[in-house]
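Take a look at the structure set out below.
The analysis underlying the following values was restricted to heavy atoms, covering all of them including side chains, and did not include hydrogens, waters or symmetry mates. Heads up: numbering here begins at 1 and tracks the sequence. Counting convention: from 1, in listed order, for ligands and their atoms alike.
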Amino acid sequence: MYTTLKYVTQNAQQLNYTVGAFNAHNLEMLPDMIRAAKEIGAPIIIQTSVDTAKYIGMDVLVSVVKSIADNEMVDAVLHLDHARNFDDIKQAIDCGYTSVMYDGSHLPFKENILKTKAVVEYAHRHGASVEGELGTIGGTEEGIHVDDNDKVYTKPEDAVKFVQETGVDALAIAIGTNHGQFKSKTEVNIPLLKQIHHVVNIPLVIHGGTGVKEEDYPELINNGIRKFNVGTELLVAWNSTAKTTFASSEVNRSLRHNVIPANEQVKSIIKHKMKLFMNLDNRT
Ligand code: 13P
């Protein structure tokens with residue numbers, strides 16, 4: 001079923017697991033991403049950056065995700081990742097995205113609340129869910145680099161106020177993760193996550209999942225992470241596999257021979273992550 005972020009994360013909350021949110025970087029990898037979810041029996045959030053959404057076409061993405069989800073009987077959400085512009089958000093929702101992230105984390109706190117609230121009002125009127133962000137996640141997002149010195153961790157008291165005043169369905173928090181970290185792993189601040197989870201009762205979101213150690217997954221999930229973003233790991237796998245296949249094939253050989261192995265790599269990473277995200281040892 002083509003569904004919302006609110007729906008899949010509520011189920012995850014009840015049973016204590018997390019939903020993988022995987023960045024699609026092109027249309028080629030998309031069917032195998034959803035089929036990975038089918039094979040595991042898990043829901044999936046397909047997310048696109050604003051730039052990827054514009055490159056592929058928002059209406060095209062909606063049609064593809066919706067039709068595969070319905071045909072394969074997988075709970076799939078289509079989510080706009082890190083949008084900062086209300087017009088992009090409105091366009092995505094009008095095209096049929098079932099979830100959007102408004103990223104006002106770079107704004108002063110009050111302005112972030114006001115702008116996020118306006119997005120929530122629009123999205124909820126149209127049946128879509130909203131993820132907000134508080135604090136800054138390191139690395140690069142939408143081409144904007146956040147220096148380590150400029151990283152700001154989420155304050156639990158701000159999180160309470162933000163959630164109450166905006167009505168968001170999920171909250172992205174900054175607890176030490178970085179976008180695009182694929183050569184090393186990060187130290188996540190679990191004590192801070194516990195403090196936030198103690199006072200905020202909506203689903204929490206981890207960004208920069210590529211750089212998170214797999215041994216930390218259970219503690220993150222047991223403390224309220226219900227959406228787990230992974231992007232760079234898929235991108236690196238797709239690109240490096242495609243580089244090898246393109247380099248070794250004749251120019252008149254069908255493209256699928258170059259692309260299928262790259263899609264299969266993506267599928268296998270997603271299946272591996274999803275098994276861990278189901279948190280079977282700690283389910284309620
Ligand atoms: P990575 O690319 O570091 O896995 O992060 C993905 C993400 O958080 C998208 O918003």
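Each of the following atoms of ligand 1 lies closer than 4.0 Å to a heavy atom of Asn178: 3 (O). With ligand atoms numbered from 1 in the order given, ligand 1 contributes 4 (O), 5 (O) to contacts under 4.0 Å with heavy atoms of Gly209. Every atom of ligand 1 is numbered from 1 in the order shown, and the set under 4.0 Å from a heavy atom of His207 is 8 (O), 10 (O). Residue-ligand proximity, Thr232 to ligand 1, at heavy-atom distances under 4.0 Å covers atoms 1 (P), 2 (O), 3 (O), 4 (O).
Inclusion of Asn23 in the set of residues having an N or O under 3.5 Å from an N or O of ligand 1 is not warranted. Considering both main-chain and side-chain atoms, Asp81 comes within under 3.5 Å of ligand 1 through a nitrogen or oxygen pair. Residue-to-ligand polar distances keep Val230 apart from ligand 1: every N/O pair is separated by 3.5 Å or more. Considering backbone and side-chain atoms together, Gly180 places an N or O closer than 3.5 Å to an N or O of ligand 1. Ligand 1 has an N or O atom lying under 3.5 Å from an N or O atom of His179, backbone or side chain. For Gly231, a nitrogen or oxygen atom sits less than 3.5 Å from a nitrogen or oxygen atom of ligand 1, counting backbone and side chain alike.
The aromatic rings of Tyr217 and Phe277 sit tilted, their planes meeting at an angle between 30° and 60°.
By the criterion of a heavy-atom distance under 4.0 Å, the side chain of His82, and not its backbone, is placed next to ligand 1.
Among all protein heavy atoms, the one lying closest to atom 4 (O) of ligand 1 is Thr210 OG1, 2.5 Å. The shortest contact between atom 8 (O) of ligand 1 and any protein heavy atom is with Gly208 N, 2.8 Å.
Side-chain contact between Leu220 and Leu193: present, with at least one pair of heavy atoms (C-beta onward) separated by less than 4.5 Å. With contacts defined as side-chain heavy-atom distances shorter than 4.5 Å, the pair Tyr17/Arg226 does not qualify. Side-chain atoms of Thr177 and Ile206, non-hydrogen and from C-beta on, do get closer than 4.5 Å to each other. Between His124 and Lys6, the closest side-chain pair of non-hydrogen atoms is not below 4.5 Å.
Residues Ala24 and Ile46 come closest through the heavy atom pair CB-CG2, 4.0 Å.
Remark: Lys66 NZ is loosely packed, at most 12 non-hydrogen atoms of other residues, nucleotides or ligands lying under 6.0 Å away.
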(message) Using the rule given for salt bridge (Lys or Arg N to Asp or Glu O under 4.0 Å), can you reason through Lys54 versus Asp88, listing the C-alpha separation, both sets of side-chain angles and the distance that settles it, and then say yes or no?
(response) CA-CA 9 Å; Lys54 288 181 178 171; Asp88 292 334; 3.0 Å; yes
(message) Could you go through Glu39 and Arg35, starting from their C-alpha distance and side-chain angles, then the distance that decides it, and tell me whether this counts as salt bridge (Lys or Arg N to Asp or Glu O under 4.0 Å)?
(response) CA-CA 6 Å; Glu39 285 175 27; Arg35 285 180 198 129; over 6 Å; no
